[in-house]
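Below is one structure, written out as structure tokens; the observations come after it.
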Number of protein chains: 2
Amino acid sequence: MSQLSPQPAGTSLPTSADVARLAGVSRATVSYVLNNNTTVRISDSTRRRVREAAADLGYVPHAAARSLRAGHSRTVLLPAGQAPAGALYQRFLTQLESGLRRLDYTVVRYGGVGQDADEAAMTWAELRPVAVVSPDDLALTPYGIGVLTRSGARAVITLGSQPVDGAHALVVDQREVGAHAVRHLLARGRRSIGVVVPQEPGHALIARPRLAGALRAVEESDADAGVRALPLRYQEDSAQDLASRWRTLGLDAVFAYDDEYAMLLTRALQDAGLVIPGDTAVIGAGDLMLGRLLRPRLSSVAMELTCEQRPAEMIDRLVQNPGGPPERHHLLRPAVVARESS
Amino acid sequence: MSQLSPQPAGTSLPTSADVARLAGVSRATVSYVLNNNTTVRISDSTRRRVREAAADLGYVPHAAARSLRAGHSRTVLLPAGQAPAGALYQRFLTQLESGLRRLDYTVVRYGGVGQDADEAAMTWAELRPVAVVSPDDLALTPYGIGVLTRSGARAVITLGSQPVDGAHALVVDQREVGAHAVRHLLARGRRSIGVVVPQEPGHALIARPRLAGALRAVEESDADAGVRALPLRYQEDSAQDLASRWRTLGLDAVFAYDDEYAMLLTRALQDAGLVIPGDTAVIGAGDLMLGRLLRPRLSSVAMELTCEQRPAEMIDRLVQNPGGPPERHHLLRPAVVARESS
DNA sequence: TTGAAAGCGGTACCAG
DNA sequence: CTGGTACCGCTTTCAA
């Protein structure tokens, strides 16, 4: 095995032709050897010579040339939406990414930048990705899906609350989070329920379905209960303002959007002299460790993004076996963790 | 302007030859028109015909073919390290990413997967990136830098605590965070200082330099003070365990690694009957909103990852103007926010 | 078992 | 102003 020695810091990287020349064979042979092509028999001595030549020169194949010739790449595109991703989603993406890397895909993340969804689809298509996982704040259209499909993408997958026709879907249904929270509060006998709606724009895409789910849960219940949206900014003064108006709102419970907003609001309510859960029950979402440190300990809707089949493997399957009917997989598993605050 | 109509869902994406045929011109002309090549004059009528043909066919250029011909791509590689990134770092990467996208680079994030740094460098080199920003948990070696440089990378930039010879560096010196915290505690008259060291492996790369900085700050001071490392897991029982031993440790202050660990530890100390900051001063890092909700309000080392020059623009400059001496830019701006806990 | 050669899709030179 | 054409680096028949 040749040493990885600092090559003559010459001009540019050697090509397979350079390797062939040094090994005294043809470029074809180099390709066979380095790709472990089994359909062709190469003598062991030749193999060794080629390998040594490649190592000596520090040969690195040119991915673009290879995929141009092959007609397809192993690129999976993960466009990041405009919104800064939450921790849960980040973790999911990171896992997906390393899962795909393990299956030997090249993961390309496209940073969100103001582009119309159809423009974006064309930009992505330039890379001829073998699969695309698109978050729903980019609202892929059927036209965009068509472009990507025709560009060679063997799987187009949307990730978010809304499936799109013609694409597979990893469904993250945030409505279920709101519904779980509200059902829990109703079961606890609460009837007048506030639902915090963060005013930070990045949260809108999650807040709206959570509120919708809360509303639906009340409608579906027999109880004579009501839900009210409570705008809140992630700032102490905003929370204090809301807390000071609390008694006039006549609420006996609140689903605080997530644990961070819940902690913010809880503190403000307590400072305003309200007793939790006596006067008002509070539940958050995300089941952060920090919520357990509150007094009373914060109830929360715990969430997991999981799938019976690992998403990376699912994508691999769809890529290897395209043409099937659109698949839907629900990823979000909410579960109420009842603690002291409700 | 032609409509974006659903093309005949035919076989595959058209090539520039198809566009040329439909427009009745040569492939060269198509290339000139679509790239707005200024060195060559094309009649307006031809331009229009080409543009229409391209739109009608839904033509999308093939990025691999283009960069093969060009000999280089506009790909910037952002390998993600093994460790799950913290919120600050995530935000930085996201900003960098969209900054680069705005400058028309294609950002490729490589998910961390168990590879030796030199192997990784060769894998990256296959993509012929124009720049690489490598986090320091991948410990790029001079050999790896050589491979990347010779593969056409016009800027290799390390991101982390340690600059590497031959590469530019965005230095994130976590030691300064520990130093700031400890200097603050010393100024408050504290002399026996604990430093929390999280036991979660993902935090080691940050925790170690923060501890080192804390030690250095004590050494550099005139005070007769000492620092002691306090292993802690991010679990209530671990914090309770530490708190129960607290009095035997004889500490009058603690730098709790970050605000989350600080909140965890604060709660445990208070539950154990200790008074903060009377018995023990506490300071965290990160300046989370939630820390302000604690009683006493949590002091913290606020951090910002900034640079007089936006990192994306800096990379662009290095790419356009390579060959200069290695640059070092310090990104981390720590600043103590003294509240009630210290 | 190996080599020669034809492209993959674009770009850019040079001739017309 | 436009068309023909060589070539970027690699894979893959087809012949030898």
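On a predicted model such as this, the values are computed, not experimentally measured, just so you know. Just so we're on the same page: letters track the sequence lines, and every chain starts at 1.
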Between A/Ser67 (side chain) and A/Ala70 (backbone), is there a donor-acceptor pair under 3.5 Å?
no
Can you check the A/His62 NE2 to D/dC7 P distance for me, whole Å?
17 Å
For the residue pair A/Thr46 and A/Tyr32, establish whether any side-chain heavy-atom pair is separated by less than 4.5 Å.
no
Euclidean distance, atom CG of residue B/Asp18 to atom P of C/dG10 [Å, nearest integer]
9 Å
Within 6.0 angstrom of A/Asp165 CG, more than 12 heavy atoms from elsewhere:
no
Taken to the nearest whole Å, CZ/B/Arg21 to P/D/dG4 is 13 Å
Give the rounded distance in Å between these two atoms: CZ of A/Arg128 and P of C/dC8.
14 Å
Just the rounded figure in Å: distance from C1' of D/dC7 to CG of B/Leu68.
9 Å
Please classify the nucleic acid contact of A/Ser31 as base, sugar-phosphate, or nothing, using heavy-atom distances under 4.0 Å.
base
Ignoring backbone atoms, establish whether B/Ser26 has a side-chain N or O less than 4.0 Å from OP1 or OP2 of D/dG3.
yes
Looking at B/Arg66, I'd like to know whether one of its side-chain N or O atoms comes within less than 4.0 Å of OP1 or OP2 on C/dT11.
yes
Which of D/dG3, D/dA6, D/dT11 is nearest the side chain of B/Arg69? It is D/dA6
By nearest nucleotide on DNA chain D, pick out whichever of B/Thr29 and A/Pro14 is the more 5' one.
B/Thr29
Whether B/Arg27 side chain and B/Ser16 backbone form a donor-acceptor pair below 3.5 Å:
no
How many Å lie between NE2 on B/His72 and P on D/dG9, as a whole number?
13 Å
Would you tell me if any nitrogen or oxygen in the side chain of B/Ser16 comes within less than 4.0 Å of OP1 or OP2 on C/dG10?
yes
Return yes when atom CZ of A/Arg317 has more than 12 non-hydrogen atoms of other residues, nucleotides or ligands closer than 6.0 Å, and no otherwise.
yes
Helical bend (five base pairs per end, nearest 10°) for the helix from C/dT1-D/dA16 to C/dG16-D/dC1:
40°
Residues in contact with DNA chain D, drawn from residues 32-46 of chain A - heavy-atom cutoff 4.0 Å
A/Tyr32, A/Asn35
Does A/Gly71 offer a backbone N or O that forms a donor-acceptor pair with the side chain of A/Arg128 under 3.5 Å?
no
Is there a donor-acceptor pair under 3.5 Å between the side chain of A/Asp116 and the backbone N or O of A/Asp118?
yes
Taking CZ from B/Arg27 and C1' from D/dC1, how many angstroms apart are they, rounded to a whole number?
19 Å
Nucleotide C/dT11, atom P - distance to CZ of B/Arg74 in whole Å:
14 Å
Between B/Ser134 and B/Leu138, which heavy-atom pair has the shortest distance, and what is it?
OG-CB, 4.3 Å
Atom CZ of residue position B/Arg328 - does it have more than 12 heavy atoms of other residues, nucleotides or ligands inside 6.0 Å?
yes
